[in-house]
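Note that these values count all heavy atoms, side chains included, but never hydrogens, waters or copies made by symmetry. On a predicted model such as this, the values are computed, not experimentally measured, just so you know.
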Amino acid sequence: MFIDRLIQQIKLKKSNIVVGLDPRLDMIPTHIREKSYCTYGKNLRGAAEAVWIFNQEIIGSVHDLIPAVKPQIAFYEQYGLEGLEIYQKTCKLAQEKGLLVIGDVKRGDIGTTSKAYSDAYLGMADVEGEKIEAFFSDAITVNPYLGDDCLKEFMKDIVDYEKGMFVLVKTSNPTSGQLQDLETEGKKIYEIVARLVDQWSKNTIGVHGYSSVGAVVGATYPEEARNLRRLMPASYFLVPGYGAQGGTAKDIIDCFDEGGLGAIINSSRDILYAYQKQVNGYGEKDFGKAARAATLKMQEAINGLLVQEGKQYW
């Protein structure tokens, strides 16, 4: 079961960190881009190969420190088929390095459309009776706006293939409240979504009491996170917004249960581009070492607060 594998890796590595693989071409070190352009040209292939070189170094530098990575597919889709090829290769490399892969694809539709999304990222594509994997991932992010018709289409593959999903509940962006904080019948929209997630979570409870149906809950809304931890006791939280978006270790503490489990904290920019801040003196050529140093610093901050709050899980 996905959630049991995730918790096993969290305990093994004493780390709740997920590195978001959101490669921005303009922030990839110059020498990588120049090498790729020289070989392939300043085109979609050249851009995609620069991303691949960058991702290989990042994964190689942090894989032993973290339980999972979260590649955001939009950063790959923008380079067309070449970019999607690199997304696929990135996911497979992470898997080979022992990492769980959370595909940040934010899919969600109805009926056969959602089923096709699920086949692509969680299950298998059916080609005349032959089952073939399209894009590997252990779990994906799902947009629940279409309700049960959307979510139920992912559940069969989650059960059959022991995969997982993280449903968008309260996102970290500043304008999330325009819709998510609206009230109807005395409840906010994100609370209604949370109750929906809680219902679905009961179908896949693992040995630690958590479900393979989790929730995306932003680090930038700590009060809401406290309420959502109560509403979704069996759902693991995927928490974006740490670091560059303003979330701190103190902001995410209530996402965890009393045993220090219950949440994985995503960081993208602060780790991927740590070299730009000269972390530990590492410059552009040592961007992988800078990413590793930033990961260790984040791990120390989160684990230190968990110990301080009496919530350590080791």
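- Under the side-chain hydrogen bond (donor to acceptor under 3.5 Å, both in side chains) criterion, Y210 pairs with D257, not counting sequence neighbours.
- The environment of E130 atom CD is sparse: at most 12 non-hydrogen atoms of other residues, nucleotides or ligands sit within 6.0 angstrom.
- I28 contributes atom CD1, which lies 13.0 Å from atom CD of E34 (distance to the nearest 0.5 angstrom).
- Salt-bridge check for K152 with D148: failed, with every basic side-chain N at 4.0 Å or more from each acidic carboxylate O.
- The neighbour count for K35 NZ, taken as heavy atoms of other residues, nucleotides or ligands under 6.0 Å away, does not exceed 12.
- Geometrically, R229 engages F237 in a cation-pi contact, judged by NZ or CZ lying under 6.0 Å from the ring centre and within 45° of the ring axis.
- One finds no salt bridge joining K13 and D64 here, because no Lys/Arg side-chain nitrogen approaches an Asp/Glu carboxylate oxygen to under 4.0 Å.
- Residues T39 and E49 have side chains that never bring a donor and an acceptor to within less than 3.5 angstrom of each other.
- Contact of the L65 side chain with the I17 side chain is not registered, since no non-hydrogen atoms from C-beta on lie closer than 4.5 Å.
- The same ILVMFWY cluster, assembled from side-chain heavy atoms under 4.5 Å apart, contains both L93 and V69.
- Taking 4.5 Å as the limit, some side-chain heavy atom of E162 sits within range of a side-chain heavy atom of R5.
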Item to check | Verdict with supporting geometry, D104 and T141, side-chain hydrogen bond (donor to acceptor under 3.5 Å, both in side chains) | outcome: CA-CA 5 Å; D104 194 356; T141 54; 2.8 Å; yes

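- Hydrophobic clustering of Ile, Leu, Val, Met, Phe, Trp and Tyr side chains at less than 4.5 Å, counting indirect connections, unites Y190 with L182.
- Formation of a donor-acceptor pair under 3.5 Å by the Q9 side chain with backbone atoms of L6 is not found in this model.
- Between the S176 side chain and the S172 main chain, no donor and acceptor come within less than 3.5 Å of each other.
- Using modelled atom types, no side-chain atom of S36 and backbone atom of A47 make a donor-acceptor pair closer than 3.5 Å.
- When all heavy atoms of R24 and Y273 are compared, the closest pair comes out as N-OH, 2.7 Å.
- Atom CD1 of residue I58 and atom CG of residue N55 lie 7.5 Å apart, to the nearest 0.5 angstrom.
- For the pair V101 and C91, the tightest heavy-atom approach, listed with the atom from each and the gap, is CG2-O, 3.6 Å.
- Counting only heavy atoms from C-beta outward, the side chains of F166 and I264 approach each other to under 4.5 Å.
- A salt bridge is defined here as a Lys NZ or Arg NE, NH1 or NH2 lying under 4.0 Å from an Asp or Glu carboxylate O, and D270 with K297 fails to meet this definition.
- Contact between P144 and V193 at its shortest, heavy atoms only, is CG-CG1, 3.8 Å.
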Checklist entry - Step by step, would you call S211 with K202 a side-chain hydrogen bond (donor to acceptor under 3.5 Å, both in side chains)? => result CA-CA 7 Å; S211 170; K202 292 177 172 59; over 6 Å; no

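- Contact check for V51 versus Y79: side-chain heavy atoms found under the 4.5 Å cut-off.
- Separating the OG atom in S15 from the CG atom in L296 is a distance of 9.0 Å, to the nearest 0.5 Å.
- The shortest side-chain heavy-atom distance between P222 and D254 does not fall under the 4.5 Å cut-off.
- With hydrogens and angles left out, the side-chain atoms of S118 and D157 include a donor and acceptor closer than 3.5 Å.
- Crowding of E284 atom CD: a count of heavy atoms from other residues, nucleotides or ligands under 6.0 Å exceeding 12.
- Of the possible donor and acceptor atoms, one in the side chain of N303 sits under 3.5 Å from a partner among the backbone N and O of K14.
- Put simply, OH on Y242 and CD1 on I252 are 6.5 Å apart, with the number rounded to the nearest 0.5 Å.
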Checklist entry - Checking side-chain contact (heavy atoms from CB on, under 4.5 Å) for the pair Y221/D181: CA distance, chi angles, key distance, verdict? => result CA-CA 12 Å; Y221 297 101; D181 290 359; 5.6 Å; no

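- The closest donor-acceptor contact from the side chain of E153 to the backbone of T112 lies at 3.5 Å or more, if one exists at all.
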Next on the checklist: Is there a side-chain contact (heavy atoms from CB on, under 4.5 Å) between I271 and M298? Walk through the geometry before answering.
Outcome noted: CA-CA 9 Å; I271 290 176; M298 180 177 169; 4.2 Å; yes

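- Ring geometry for F287 against H31 counts as tilted: the plane angle lies between 30° and 60°, on a 0 to 90° scale.
- By the 4.5 Å heavy-atom criterion applied to side chains, K106 and I73 are not counted as neighbours.
- When every heavy atom of I253 is checked against every heavy atom of K311, the shortest pair comes out as O-NZ, 3.4 Å.
- None of V213, V169, V167 except one satisfies the side chain to side chain contact (heavy atoms under 4.5 Å, CB included) rule with M232; the exception is V169.
- Contact annotation: the side chain of L261 approaches that of K11 to within less than 4.5 Å [non-hydrogen atoms, C-beta and beyond].
- Exactly one residue among V239, I265, L305 makes a side chain to side chain contact (heavy atoms under 4.5 Å, CB included) with F256. That residue is I265.
- Ring centers of F2 and Y161: at least 6.0 Å apart, outside the cut-off.
- Looking at N43, its side chain does come within 3.5 Å of a backbone N or O of Y40 through a donor-acceptor pair.
- To the nearest 0.5 Å, atoms OG (S137) and NZ (K163) are separated by 5.5 Å.
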Checklist entry - Would L84 and E77 satisfy side-chain contact (heavy atoms from CB on, under 4.5 Å), going step by step from the backbone distance to the final call? => result CA-CA 6 Å; L84 285 175; E77 284 181 344; 3.8 Å; yes

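- Checked by atom type and distance alone, the side chain of N266 pairs as donor or acceptor with a backbone atom of G20 at under 3.5 Å.
- Here the closest non-hydrogen pair linking L25 and R33 is O-CD, 3.2 Å.
- For the pair G241 and T220, the tightest heavy-atom approach, listed with the atom from each and the gap, is O-CG2, 4.0 Å.
- Between atom CD of residue E96 and atom CZ of residue F136 there is a gap of 10.0 Å, rounded to the nearest 0.5 Å.
- A salt bridge links E85 and R45; the closest N-O separation between the charged side-chain nitrogens and carboxylate oxygens is under 4.0 Å.
- In this structure, L196 is a member of the same hydrophobic cluster as V142, with clusters built from ILVMFWY side-chain heavy atoms closer than 4.5 Å.
- A 6.0 Å sphere centred on CG of L81 holds no more than 12 heavy atoms belonging to other residues, nucleotides or ligands.
- A donor-acceptor contact shorter than 3.5 Å links the side chain of R292 to the backbone of S61.
- Ion pairing between a basic and an acidic side chain is recognised when a charged N comes within 4.0 Å of a carboxylate O; D126 and K115 show no such pairing.
- The backbone N or O of V105 sits less than 3.5 Å from a side-chain atom of R107, completing a donor-acceptor pair.
- The aromatic rings of Y121 and F135 sit parallel, their planes meeting at an angle under 30°, below the 60° perpendicular limit.
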Item to check | Intermediate values then yes/no, side-chain contact (heavy atoms from CB on, under 4.5 Å), D286 and Y275 | outcome: CA-CA 7 Å; D286 294 317; Y275 78 90; over 6 Å; no

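- Under the 4.5 Å side-chain heavy-atom criterion for Ile, Leu, Val, Met, Phe, Trp and Tyr, I110 and Y145 are members of the same hydrophobic cluster.
- In the hydrophobic cluster analysis, where Ile, Leu, Val, Met, Phe, Trp and Tyr join through side-chain heavy atoms closer than 4.5 angstrom, M27 is grouped together with L272.
- Here the side chains of Y76 and T90 are in contact, with some heavy-atom distance below 4.5 Å.
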